[in-house]
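These notes are about the structure you will find just below.
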Amino acid sequence: KKFNHVIVRRPCRALVEGITSGLYPGKPDYEKALRQHDDYISALSRCGVDITILPPDERYPDSVFVEDPALITSKCAIITNPGAPSRNGEKEEIIDAVRKFFPEDKIEHITAPGTLEGGDVMMVGDHFYVGRSARTNEEGIRQLTEILAKYGMTCSEVKLEEVLHLKTGVNYLEDNNMLVSGEFVNKPDFEKYNKTEIPEDEAYAANCIWVNDTVIVPEGYPTVLKKVQDLGYKTLTVDTSEFRKLDGGLSCMSLRF
Ligand code: CIR
């Protein structure tokens with residue numbers, strides 16, 4: 001398996017007004033966020049992917065989190081319908097970038113009353129786990145299931161209790177390896193994987209990303225870093241402290257395909 005492309009969007013100044021649960025207090029420092037985003041792009045570029053960098057979009061404070069308005073699979077691209085009202089319009093702005101890679105008949109849409117955000121979707125080969133959350137509803141999941149089936153792919157729902165998005169707490173690293181934290185540690189859905197448990201005090205680092213045999217780990221989580229290295233992966237670290245203040249992590253900031 002290999003990813004060839006990545007899409008990111010530069011953070012906008014309005015980032016400081018992004019949605020936050022307050023779990024990680026403080027307002028993002030914009031200049032610092034820009035530098036961290038530069039480092040994020042550098043790390044990705046070391047993983048052998050080409051990177052499309054979209055310009056900042058001041059209308060949408062959370063638009064740096066491009067993972068949410070689209071879900072890109074090997075067979076089709078799905079424009080989602082973000083459940084957060086202040087983010088819903090982001091779906092119109094990601095389409096052009098997606099069109100560079102997919103013909104019109106391979107671009108699908110989640111439509112109202114269905115809502116879905118990409119952060120709730122975790123790809124494991126041709127199977128997709130989707131979190132039912134405050135952002136992703138039953139109808140959104142139904143539509144996603146139908147779209148995926150059209151392309152020979154499958155989907156199963158995971159109920160979320162504590163986290164914002166599914167991938168806030170569980171991430172697949174390929175090779176049957178999965179990072180699990182909190183409510184996901186004992187979920188029967190993930191029994192068949194080689195699970196690595198993330199300690200509670202490093203829960204944020206459950207959101208690592210696999211990019212072509214390298215795993216990018218957020219900076220400042222030594223236990224998780226060691227565990228990922230012990231699984232045999234090359235690792236890179238990126239400081240995401242300013243995005244963490246908005247509940248955003250490594251996976252949220254790119255579309256990888
Ligand atoms: C939000 O609440 O929508 C943003 N502040 C964070 C989005 C994080 N995205 C993700 O987990 N995929």
Side-chain angles (χ1 to χ4, degrees), residues 6-30 33 36-37 40 44 54 56-73 78-91 93-94 110 115-123 128-137 140-141 144 158 160-172 179-184 198 203-211 216-218 238 240-257:
V6 165
I7 298 173
V8 300
R9 184 184 293 283
R10 296 296 279 165
C12 58
R13 287 188 179 277
L15 176 77
V16 297
E17 305 303 331
I19 306 172
T20 176
S21 66
L23 184 61
Y24 301 99
K27 280 230 181 249
D29 174 323
Y30 179 63
Q36 293 180 347
H37 201 257
Y40 182 66
L44 287 168
L54 305 175
D57 187 338
E58 293 295 342
R59 293 168 300 166
Y60 302 107
D62 286 294
S63 53
V64 64
F65 303 119
V66 283
E67 176 177 71
D68 297 314
L71 169 66
I72 304 193
T73 78
I78 301 162
I79 307 298
T80 69
N81 191 29
S86 68
R87 301 201 57 191
N88 190 261
E90 291 177 32
K91 66 186 180 206
E93 307 309 321
I94 200 75
I110 302 291
T115 64
L116 189 116
E117 294 190 1
D120 276 321
V121 185
M122 178 171 70
M123 176 173 75
F128 294 76
Y129 292 94
V130 54
R132 182 144 156 210
S133 68
R135 306 286 183 86
T136 295
N137 67 15
I141 297 175
L144 177 67
V158 182
L160 308 189
E161 270 120 50
E162 289 153 18
V163 293
L164 169 65
H165 283 127
L166 178 66
K167 282 184 289 188
T168 310
V170 51
N171 280 273
Y172 186 59
L179 299 181
V180 290
S181 73
E183 63 185 277
F184 302 106
I198 304 298
Y204 173 78
N207 190 257
C208 291
I209 48 174
W210 176 98
V211 189
I216 308 180
V217 179
V238 176
T240 53
S241 66
E242 302 316 293
F243 303 101
R244 184 175 60 206
K245 292 171 183 167
L246 302 178
D247 308 307
L250 290 165
S251 80
C252 320
M253 295 198 285
S254 59
L255 289 163
R256 304 163 297 280
F257 56 102

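We count ligands from 1, going down the list as the structure has it; atoms in each ligand are counted the same way. Residue numbers start at 1 and run along the sequence shown.
Remark: ligand 1 atoms within the under-4.0 Å shell around heavy atoms of Phe65 are 4 (C), 5 (N), 6 (C), 7 (C). Distances below 4.0 Å separate heavy atoms of Cys252 from the following atoms of ligand 1: 8 (C), 9 (N), 10 (C), 11 (O), 12 (N). In summary, the atoms of ligand 1 found under 4.0 Å from a heavy atom of Leu246, numbered by their order in the structure, are 4 (C), 5 (N), 6 (C). Close approach of ligand 1 to Asp247 (heavy-atom distance below 4.0 Å) involves ligand atoms 8 (C).
Taking any N or O of Asp62, backbone or side chain, at least one lies under 3.5 Å from an N or O belonging to ligand 1. Among the atoms of Ile19, some N or O lies under 3.5 angstrom from an N or O of ligand 1. For ligand 1, the polar-atom distance check against Gly18 finds no nitrogen or oxygen pair separated by under 3.5 Å. Note: an N/O pair closer than 3.5 Å links Glu67 and ligand 1 by distance alone. Considering backbone and side-chain atoms together, Arg135 places an N or O closer than 3.5 Å to an N or O of ligand 1. Checked against a 3.5 angstrom limit, the closest N/O atoms of Ser251 and ligand 1 fall outside it.
Salt-bridge formation is not detected for the pair Arg59/Glu90: no Lys NZ or Arg NE/NH1/NH2 atom is positioned less than 4.0 Å from an Asp or Glu carboxylate oxygen. Remark: Asp120 does not engage Lys167 in a salt bridge, criterion side-chain N to carboxylate O under 4.0 Å. In this structure, Glu17 pairs ionically with Lys27, as a charged nitrogen and a carboxylate oxygen lie closer than 4.0 Å.
Looking at atom 11 (O) of ligand 1, its nearest protein heavy atom turns out to be His165 ND1, 2.7 Å.
Defined by atom type and a distance below 3.5 Å, a donor-acceptor pair is present between the side-chain atoms of Ser254 and Tyr40.
Evaluated by nearest non-hydrogen atom to atom 7 (C) of ligand 1, the leading choice among Lys245, Arg87, Glu117 is Arg87.
Not a single heavy atom of Lys167 sits less than 4.0 Å from an atom of ligand 1.
Side-chain atoms of His165 never come within 3.5 Å of backbone atoms of Gly248 as a donor-acceptor pair (strictly under, hydrogens ignored). A donor-acceptor contact shorter than 3.5 Å links the side chain of Asn207 to the backbone of Ser251.
Annotation: the span from Met122 atom CE to Phe128 atom CZ amounts to 11.0 Å, rounded to 0.5 Å. The structure places OH of Tyr24 at 7.5 Å from OH of Tyr204, a figure rounded to the nearest 0.5 Å.
The side-chain heavy atoms of Leu160 and Glu183, taken from C-beta on, include a pair separated by under 4.5 Å.
For Asp68, every heavy-atom contact with ligand 1 shorter than 4.0 Å involves the side chain, none the backbone.
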